Amino acid sequence: QLRLVESGGGLLQPGGSLRFSCAAFGFTFVVNAIGWFRQAPGKERVGVSCISSIGSSTNYADSVKGRFTVSRDNAKNTVYLQMNSLKFEDTAVYYCAAYHNGPFNDYLPDLNNEFDCWGQGTQVTVSS
């Protein structure tokens, strides 16, 4: 069974920090780029960050640049999203997702591309 399992959500005040983890099971994690997405209530899901299969390339949405950092530890089959200086507008359900079919090794997909395997979603609520 192919699946991604997320952990690390929570409730915190503006300016706080937390770290998400996304662990992969049932497929070769090292060949997959991993993206992070979020969906606020009543809004469409949007891309947040992405990391290539071996971690040499990353990208970020403008809204999180300088505050969020994506990283991965392929030996642990895990990708992380460190979130600092959280804002009210970061409140959303966050998802990790795998991109299975890059055209070359260590491909970094655009966040608007179609990702293939999704985690269950984890709530982050930022409130004062």
Side-chain angles (χ1 to χ4, degrees):
Q1 181 179 1
L2 306 180
R3 62 191 182 102
L4 299 174
V5 179
E6 303 172 26
S7 61
L11 171 65
L12 69 168
Q13 294 184 343
S17 298
L18 58 80
R19 187 177 74 163
F20 279 166
S21 298
C22 176
F25 300 89
F27 60 94
T28 305
F29 188 80
V30 296
V31 306
N32 290 279
I34 302 295
W36 288 95
F37 301 81
R38 67 187 182 188
Q39 187 169 21
K43 302 291 186 179
E44 294 293 317
R45 186 175 61 213
V46 297
V48 175
S49 183
C50 187
I51 187 166
S52 62
S53 61
I54 63 172
S56 62
S57 300
T58 59
N59 59 29
Y60 299 90
D62 288 342
S63 59
V64 306
K65 286 180 179 177
R67 300 188 297 121
F68 290 11
T69 302
V70 64
S71 61
R72 67 190 299 158
D73 185 344
N74 285 346
K76 297 180 179 180
N77 288 335
T78 302
V79 168
Y80 306 96
L81 184 68
Q82 178 68 44
M83 297 182 284
N84 299 326
S85 301
L86 284 162
K87 304 175 180 179
F88 174 80
E89 54 264 40
D90 296 318
T91 296
V93 176
Y94 284 72
Y95 302 87
C96 63
Y99 189 86
H100 291 321
N101 299 114
F104 52 85
N105 190 46
D106 206 31
Y107 177 67
L108 183 69
D110 189 274
L111 286 166
N112 293 318
N113 287 358
E114 182 175 325
F115 284 66
D116 302 288
C117 182
W118 292 80
Q120 79 278 9
T122 303
Q123 178 71 46
V124 173
T125 301
V126 183
S127 177
S128 60

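Since the structure is predicted, the reported quantities are computational estimates derived from the model, not experimental observations.
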**OP:** Please test Y60 against L111 for side chain to side chain contact (heavy atoms under 4.5 Å, CB included), starting from the C-alpha separation and ending with a verdict.
**Re:** CA-CA 9 Å; Y60 299 90; L111 286 166; over 6 Å; no

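- In terms of modelled atom types and a separation under 3.5 Å, the side chain of S52 and the main chain of S57 share a donor-acceptor contact.
- Listed for the D116 side chain is a donor-acceptor partner under 3.5 Å among the backbone atoms of H100.
- Closest heavy-atom contact between R19 and Q82: CB-OE1, 3.5 Å.
- Counting only heavy atoms from C-beta outward, the side chains of L108 and C50 approach each other to under 4.5 Å.
- Residues Y94 and V70 are members of one and the same hydrophobic cluster, defined by side-chain heavy-atom contacts under 4.5 angstrom among Ile, Leu, Val, Met, Phe, Trp and Tyr.
- Judged by distance alone, with hydrogens and angles left aside, the side-chain atoms of Q120 form a donor-acceptor pair with the main-chain N or O of E6 at under 3.5 Å.
- Between M83 and D90 there is no side-chain heavy-atom pair separated by less than 4.5 Å.
- Across all their heavy atoms, A92 and R38 have their closest contact at CB-CB, 3.7 Å.
- Taken to the nearest 0.5 Å, the CD1 atom of I34 stands 6.5 Å off from the SG atom of C96.
- Here the side chains of S49 and L81 are in contact, with some heavy-atom distance below 4.5 Å.
- A donor-acceptor pair is defined here as one N or O able to donate and one able to accept, closer than 3.5 Å; such a pair exists between the side chain of R67 and the backbone of S85.
- Taking the side chain as every heavy atom from C-beta outward, T122 and V93 never approach each other to under 4.5 Å.
- Tracing side-chain contacts under 4.5 Å through hydrophobic residues (I, L, V, M, F, W, Y), one never reaches F37 starting from L18; they form parts of separate clusters.
- Between Y99 and Y107, the ring planes lie tilted relative to each other; the angle falls in the 30° to 60° range.
- No side-chain donor-acceptor contact under 3.5 Å links T125 to the backbone of T91.
- In terms of hydrophobic clustering, with Ile, Leu, Val, Met, Phe, Trp and Tyr side chains grouped at heavy-atom distances under 4.5 Å, V79 and V124 are assigned to a common cluster.
- Put simply, the residue from Y80, W36, F68 that forms a side chain to side chain contact (heavy atoms under 4.5 Å, CB included) with F20 is W36.
- Minimum interatomic distance between T78 and A23 (heavy atoms only, all atoms of both residues): OG1-CB, 4.1 Å.
- Surrounding CD of E114 are at most 12 heavy atoms belonging to other residues, nucleotides or ligands under 6.0 Å away.
- In the hydrophobic clustering of this structure, F104 groups with F115; members are Ile, Leu, Val, Met, Phe, Trp, Tyr whose side-chain heavy atoms approach within less than 4.5 Å, directly or through other members.
- Side chain of R72 to main chain of S53: a donor-acceptor pair is present (N/O by atom type, distance under 3.5 Å, no hydrogens or angles).
- Ring pair Y95/W118 is perpendicular by interplanar angle, where above 60° counts as perpendicular and below 30° as parallel.
- By the 4.5 Å heavy-atom criterion applied to side chains, S21 and K76 are not counted as neighbours.
- Using a cutoff of 4.0 Å between basic side-chain nitrogens and carboxylate oxygens, D62 and K65 are scored as salt-bridged.
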